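Each remark here refers to the structure printed beneath this line.
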Amino acid sequence: MSKPLIARIAVPVPIYSLFDYLIPVEPGQIPLEGCRVKVQFGRNQLVGLVLSVVDESTLPLSKLKPLIEIIDVKPVLSADLIKLLKWSASYYHYPLGEVIFSALPRRIREGAPAELKSENYWHLTEAGKSLEIESLSRAPKQAALLSYLQNSLADGLNSDQLNEVWDNWRTPVKVLIEKCLVEVRQKVQTAVITSPDQIKDKSSHGFNLNAQQAGAAKEVVQALNTYQAFLLQGITGSGKTEVYLDVIEHALAQNLQVLVLVPEISLTPQLTQRFTQRLNTTIASLHSGLNDTQRHSAWVLASKGIARVVIGTRSALYTPMPDLGLIILDEEHDASFKQQEGFRYHARDLSLVRAKNKNIPVLLGSATPSFESLENVARGQFSLLTLTERGAAGATPPKVSLLDVCRRPMEDGISDTLFNKIEEHLNNDGQVLLFLNRRGYAPLLMCHECGWTTECQRCDANMTLHHHNQRLRCHHCGYEKKAPTQCPQCNHESLYIPGAGTERIEVALTEKFPSVVISRIDKDTTRLKGELDRKLNQARSGEARILIGTQMLAKGHDFPNVTLVGILNADQGLFSADFRGTEHMAQLIIQVSGRAGRGKRAGEVIIQTHHPEHPLLHILLESGYAGFAKTALIERKQANFPPFSYMVIVRCESIYKEQGIVFLNECRQALNYEGVELFGPIPAPMERRAGRYRWQLILLSDERKKLHAILRHWVPGIHKLKTANKVRWSIDVDPQDMF
Ligand code: ADP
Ligand code: ZN
Ligand code: ZN
């Protein structure tokens, strides 16, 4: 008798091991690696994924349960994706089952077929199109429906659309079908794709790449079908997107699929639009704004090779694409590529692993590359491609100057000098963009008599004043209350309002320029669906003359009419508790400045600062981002911080301060850390947030391999600590911030 076969299965549970199940002999079907199965797990039935089929288990056969059901005939995940997921789980020390299932869309996780979902659409037949409505006058419901279909511009209507207008349409529609006036057709859910038959805007094909762009594109095209990592460092407005589009067209011509990862699609609708207008192919987009059905169909279209280009955010990294031949990551320095909770992976780093596994090129682009990527260039791991000129004819980089605001009158966060500049640009028909990384009216309220401030009860932070509803809101935990009009501590009748946020700037400018259209773009003004799009269009068309915003405004937008950019407070990043503080500050300043002078007219940038002598600000202005990075990287090296060393943080949160410290101390004792520097337990820079105390252990090592070898031993042990169940804890490999 032959040995029974055993399937080794990953299930979405926070346990590091795989689980063995017997493959039933009847009906003789053996699941392939990458197929989903249904299994009994404790008291629950779970969907699991087969990782291998073996003929021996570490458990006695009598202890193994049989599979309940084999869901797929064909694998939903290919061998190379499974390899990437295994690599990810091992590198981030996260349970493999959870990693695998977090990479799948919800419908697939729940066991739905990996097939396109089609829907019924009701159409008019030729007879239905030409029928005179009057001839149905004795059947008013049918007449109304027919007339509605005749007047509809859509190509057939689905049940959702019909439900919106009619309570009971199914009965009259049935009769219309019997009369051969209406027919039902099945159509695939296509809300998220654009296909080649849609009209393309050929006019946007109107220019040729300049020499630098063509050179860069050529190098990447030559590397198709081999692994090579490129860093495209091009100043803002240099036409990086044009390089991407050119390379993509070549890849498509070679029958390859292309994966494009971007920071946040909803913030940059223009980018997706440029892709869909230009590329003559089927494009799927995958981002957080999709519902489950849309996500499912986009994923299936990509995995079947029907969508040839996928544009998506971080999590699209794991989209199955059988013909994948190129990965592009735009704005590669952006922090949103790193997941900040749960499975804390970095999509940029993993895109390199995926490309290497598949033996294909990867193209990272940015005007302000991360120090990690610059260091990879220095070490010869990445090939550097540079664009030093603006792409659009006549566009030149803006003139940037520092404005010392020490001891100057500052009306609501804006100095007199900047007010005058704004006026000057408005009078000359320019458009003004003001950047301030702080929303709300003011960061706090305080009492001049007794020193009381609006501290949050649950966080080590002040609550922000919101003027329009006179409320205080904590931006860290969401706690909210009415703003007091007098001091709750000493009853002094007036409270002082120090500092300014975007709302205060808006109020001040509305007073100063009452006839000018001012648009504030931040989280508070763009909560409603469609509002951000509307505001971005208003900005692009030039209708809004003054734009005030947070980093939402800094991201890759092309506002051709902006002539003046004001950065209202550049100092926040200079003295950050985070070792990446200055890097992020410089990136933000350059990105925001890059919104000026993108059209025919020259741009000007004014940076308000209380530290005009700060050497890093000077280097940034004099030698640009590249020069700044060179100097800052030397400092980084001296301090031995990443990318010159490798960091891991064990983070812990608990309601009782002592519990977290005890847990981290036990972790520390369990660690055999020769060759690794260890700091902590230390409090996080914001020790208390949302009522929880946050402490951490920091591990630093010069050798990545050594660090990970230590973790591999250590992490399973942490799970077994009794104190581990009493706190919330996580391991953050290559953390992007220390908060
Ligand atoms: P980036 O992505 O580097 O910020 P974009 O690709 O958005 O730059 O290009 C900035 C502007 O320059 C766009 O309006 C684009 O159409 C224009 N542009 C880019 N390349 C060229 C070119 N070769 N000739 C003419 N205009 C160009
Ligand atoms: Zn007081
Ligand atoms: Zn709070």
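Indexing begins at 1, ligand by ligand and atom by atom, following the structure's order. Side-chain atoms are counted along with the backbone in the values below, which use heavy atoms only and exclude waters and symmetry mates. Predicted model only: the values in this text are computed from it and were never measured. One-based numbering along the sequence shown.
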Considering only the protein, which heavy-atom contact is closest to [atom], and what is its distance?
atom: atom 2 (O) of ligand 1; value: Thr241 OG1, 3.0 Å
atom: atom 10 (C) of ligand 1; value: Gly237 O, 3.6 Å
atom: atom 12 (O) of ligand 1; value: Ala392 N, 3.3 Å
atom: atom 16 (O) of ligand 1; value: Phe207 CZ, 3.6 Å
atom: atom 9 (O) of ligand 1; value: Gly239 CA, 3.5 Å
atom: atom 19 (C) of ligand 1; value: Glu242 CG, 3.5 Å

Going by distance alone, is a donor N or O of one side chain under 3.5 Å from an acceptor N or O of the other, for [X] and [Y]?
X: Glu219; Y: Ser383; result: no
X: Ser370; Y: Arg348; result: yes
X: Tyr693; Y: Glu658; result: no
X: Arg534; Y: Asn537; result: no
X: Glu264; Y: Thr313; result: no
X: Thr550; Y: Asn437; result: no
X: Glu653; Y: Trp695; result: no
X: Gln431; Y: Thr563; result: no
X: His492; Y: Gln486; result: no

Has [X] got any heavy atom lying under 4.0 angstrom from an atom of ligand 1?
X: Arg274; value: yes
X: Asn208; value: yes
X: Gly234; value: no

_Quick one: does any side-chain atom of Thr454 pair with a main-chain N or O of Met463 as donor and acceptor, under 3.5 Å?_
yes

*Mark yes or no for whether Asp522, through its side chain, and Asp524, through its backbone, hold a donor-acceptor pair below 3.5 Å.*
yes

_If you round to 10 degrees, what value do you get for the angle at the Zn ion (ligand 3) between Cys459 atom SG and Cys477 atom SG?_
110°

*Is the distance from the Zn ion (ligand 3) to some N, O or S atom of Cys456 under 2.8 Å?*
yes

*Is the distance from the Zn ion (ligand 3) to some N, O or S atom of His476 under 2.8 Å?*
no

_Determine whether the aromatic ring centres of residues His448 and Tyr496 are separated by less than 6.0 angstrom._
yes

Going by the atom numbers of ligand 1, which of them fall below 4.0 Å from some non-hydrogen atom of [X]?
X: Lys240; value: 1 (P), 2 (O), 3 (O), 4 (O), 6 (O), 8 (O)
X: Asp558; value: 13 (C), 14 (O)
X: Asn210; value: 23 (N)

*Where's the contact between Gln213 and ligand 1, heavy-atom distance under 4.0 Å: side chain, backbone, both or neither?*
side chain

*Which segment of Leu209 sits under 4.0 Å of ligand 1 when only heavy atoms are counted*: backbone

*Are Arg274 and Glu242 within salt-bridge range, i.e. N to O under 4.0 Å?*
yes

*Quick one: do Arg580 and Glu372 make a salt bridge, cutoff under 4.0 Å?*
yes

*Which N, O or S atoms belonging to the protein are less than 2.8 Å from the Zn ion (ligand 2)?*
Cys447 SG, Cys450 SG, Cys487 SG, Cys490 SG

